Structures are given as structure tokens and as C-alpha cells.
Peer 1: 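I have a structure here, written as C-alpha cells, and I will follow up with some questions on it.
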Amino acid sequence: MPNKPIKLLTYNVHSCIGSDRKLDPGRIASVIAETGADIIALQEVDVGRRRTGGIDQAHVIASLLKMQAHFHPALSVAEEQYGDAIITALPTGAVKAGPLPSIGEARGALSVEIMVGDRKLLVVNTHLGLRGRERIRQMTTLLNSGWLHGTAETPLPTVLCGDFNAIPSSATYRLVARSLKDAQLAGPGAPKATFPSRYPLMRLDHIFVTGDLVVKQAKVLETRLTRVASDHLPLLAEIGFA
């Protein structure tokens with residue numbers, strides 16, 4: 001099993017509202033199911049929000065995939081929540097969730113230790129802010145404050161992924177690229193943009209890995225379905241242990 005690469009997907013699902021304005025968590029689950037992903041990191045997930053019918057989108061999507069969801073609300077107003085989720089059928093251990101320093105809308109991160117065969121993988125999922133200075137602070141927090149270390153004595157093989165709202169020429173991207181590998185550059189093929197889904201121009205969604213992981217391939221999924229299911233395209237990487 002450790003030699004078999006795992007498939008990890010990062011996907012900003014836009015509250016399951018597509019570019020056709022339809023609300024459809026089932027459609028998002030279909031996109032994910034088609035990829036065969038083992039671990040799914042979602043951003044912009046609604047839980048109990050009136051605007052999306054009050055349902056728990058993380059739970060609904062996980063149930064349709066026959067997986068378990070871990071959810072962290074970056075934003076909570078009364079009973080309404082909005083944030084990030086990690087979904088998998090693999091055994092999970094320690095979970096950490098918390099806020100990141102934010103100027104505008106509240107932002108956070110969620111990390112889950114996942115057993116892949118007899119190896120532990122730490123997956124950190126985040127959705128960074130819209131302002132450059134804010135993103136730098138948020139990424140600095142993620143890189144320097146124990147987020148990437150998990151609970152193990154020695155650092156775990158780690159994936160940092162999500163919607164960074166940062167293109168490759170940005171200071172935020174350059175900051176993370178100094179210490180981690182960009183999956184889209186590690187795999188064969190040219191990197192592709194993820195946003196907006198109908199006519200992708202910007203590479204905002206990223207999967208970064210530590211040096212003890214190998215990226216077999218990474219691809220942005222551009223199909224008829226992914227172009228309408230959300231305003232971002234999903235990014236899939238096949239990752240193995242070095």
C-alpha cells in the first residue's frame with residue numbers, strides 16, 4: 001500500500017453553487033467520484049446556511065462518497081457555518097483546526113493525520129484571504145507555527161493544499177515554494193489554471209508537498225461537468241512516499 005500512490009484532490013466548491021447558478025452538492029460529489037480521489041480537501045463549504053437550504057454540505061458530499069468528513073468553520077454566525085473540509089475513507093488520527101490572522105473575511109485552516117497503509121500523512125487544507133499582505137501573514141503562520149508538524153515527534157510527510165488566492169508570481173506563492181514542492185511543477189506536463197472554471201486564467205488552487213513525498217502526476221480537471229459544478233476547477237495529484 002505505501003508504494004501505491006494516493007490520489008489527493010483540492011477543490012473550491014463555491015457552496016456547491018455552479019457557474020449556472022444551480023445549487024447541487026450531488027453534482028460536486030459526482031465530480032469527486034469520477035476522480036477516484038482517496039483524500040479530498042474542500043473550500044467554501046456551507047453547513048446549516050439558509051442561503052443553501054440549511055444542509056451540512058460536508059456531510060452530504062461525504063455520505064454520497066461513502067466517506068467521513070472533518071469540517072472546520074472559518075466563519076460562524078449563529079447556527080450558520082462556512083469553511084473547509086477534509087473528506088476521506090482512510091483511517092484518520094489527530095485533527096487540528098483554527099483561525100488564521102485575517103483582515104477581511106475570517107480565514108482558517110484544517111489539518112488531519114491520515115493513515116495510508118502503515119504510513120502517516122499530514123494533510124493541511126486552507127483558503128487564504130483576498131489581500132496580499134493578509135495572505136503573507138496567513139502563509140507565514142501555516143509554515144512557522146506548528147501547522148505542518150502534526151503530533152508526531154519527527155515531522156510527517158505533509159501536503160499543504162487549498163485555494164491560496166495566489167498566482168505563481170505572487171509573494172505568497174514564492175514564500176511557500178521556498179520550502180515545499182508545487183505538485184503541478186513536480187509532475188509531468190505544464191501547470192494549468194484553475195479559475196474561473198468556464199475560462200481558466202489564474203492558477204489559484206495549489207497542492208504543495210514536503211520533500212519526502214513524490215508527485216507521480218498532477219492535473220487540473222477540465223470537463224463539461226467541472227466547468228459548471230463550481231467557479232473553480234478541481235486539482236488532482238497522485239502522491240507516493242519517497
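Computed from a prediction, not measured in an experiment: that's the story for all the values here.
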Peer 1: Considering only heavy atoms from C-beta outward, does the side chain of Leu235 approach that of Gln184 to under 4.5 Å?
Peer 2: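 Contact flag for Leu235/Gln184 side chains = yes.
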Peer 1: Run through Leu121, Thr92, Leu156 and flag the one making a side chain to side chain contact (heavy atoms under 4.5 Å, CB included) with Glu113.
Peer 2: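 Among Leu121, Thr92, Leu156, the one that satisfies the side chain to side chain contact (heavy atoms under 4.5 Å, CB included) with Glu113 is Leu156.
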Peer 1: As a quick check of understanding, evaluate side chain to side chain donor-acceptor pair (under 3.5 Å) for Asp205 and Thr10, giving each step before the final call.
Peer 2: CA-CA 7 Å; Asp205 304 88; Thr10 184; 5.4 Å; no
Peer 1: With salt bridge (Lys or Arg N to Asp or Glu O under 4.0 Å) as the test, pick out the partner of Asp20 among Arg27, Arg227, Arg198.
Peer 2: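 It is Arg27, the one option of Arg27, Arg227, Arg198 that forms the salt bridge (Lys or Arg N to Asp or Glu O under 4.0 Å) with Asp20.
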Peer 1: In the structure I gave you, are the side-chain heavy atoms of Asp84 and Val45 within less than 4.5 Å of one another anywhere?
Peer 2: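 They are not in contact (no side-chain heavy atoms under 4.5 Å apart), so the answer is no.
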Peer 1: Please answer whether the main-chain N or O of Pro157 pairs with a side-chain N or O of Lys120 as donor and acceptor at a distance below 3.5 Å.
Peer 2: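 Absent.
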Peer 1: I'd like to check Arg49 versus Gln81 (side-chain heavy atoms, cut-off strictly below 4.5 Å). Are they in contact?
Peer 2: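 In short, these two side chains do not touch, never coming nearer than 4.5 Å.
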Peer 1: Ignoring hydrogens and geometry, is there a side-chain-to-backbone donor-acceptor pair from Thr210 to Thr158 under 3.5 Å?
Peer 2: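 Pair found, side chain donor or acceptor close to backbone of Thr158.
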Peer 1: Is a side-chain N or O of Ser197 found less than 3.5 angstrom from the main chain of Ser230, in a donor-acceptor match?
Peer 2: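 At least one qualifying donor-acceptor pair exists.
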Peer 1: As an exercise, state the distance from OG of Ser170 to CZ of Arg135, rounded to the nearest 0.5 Å.
Peer 2: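 Taking OG in Ser170 and CZ in Arg135, the distance rounds to 6.0 Å.
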Peer 1: Would you indicate whether the side-chain heavy atoms of Leu130 and Arg107 approach each other to under 4.5 Å?
Peer 2: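 Yes, side chains in contact.
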Peer 1: Is the backbone N or O of Gly108 less than 3.5 Å from a side-chain atom of Thr126, with the two atoms forming a donor-acceptor pair by type?
Peer 2: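 Yes: the side chain of Thr126 pairs with the backbone of Gly108.
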Peer 1: Any donor and acceptor pair, going by atom type alone, linking the side chain of His127 with main-chain N or O of Leu42 inside 3.5 Å?
Peer 2: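 Not a single qualifying donor-acceptor pair exists.
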Peer 1: Between Asp163 and Gln43, is the side chain to side chain donor-acceptor pair (under 3.5 Å) condition met? List the steps.
Peer 2: CA-CA 7 Å; Asp163 175 359; Gln43 305 85 40; over 6 Å; no
Peer 1: Quick one: sort the Phe164 and Phe208 rings into parallel, tilted or perpendicular, breaks at 30° and 60°.
Peer 2: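 Parallel: the ring planes of Phe164 and Phe208 meet at under 30°.
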Peer 1: Under 3.5 Å, is there a donor-acceptor pair between the side chain of Ser102 and the main chain of Leu100?
Peer 2: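 Yes.
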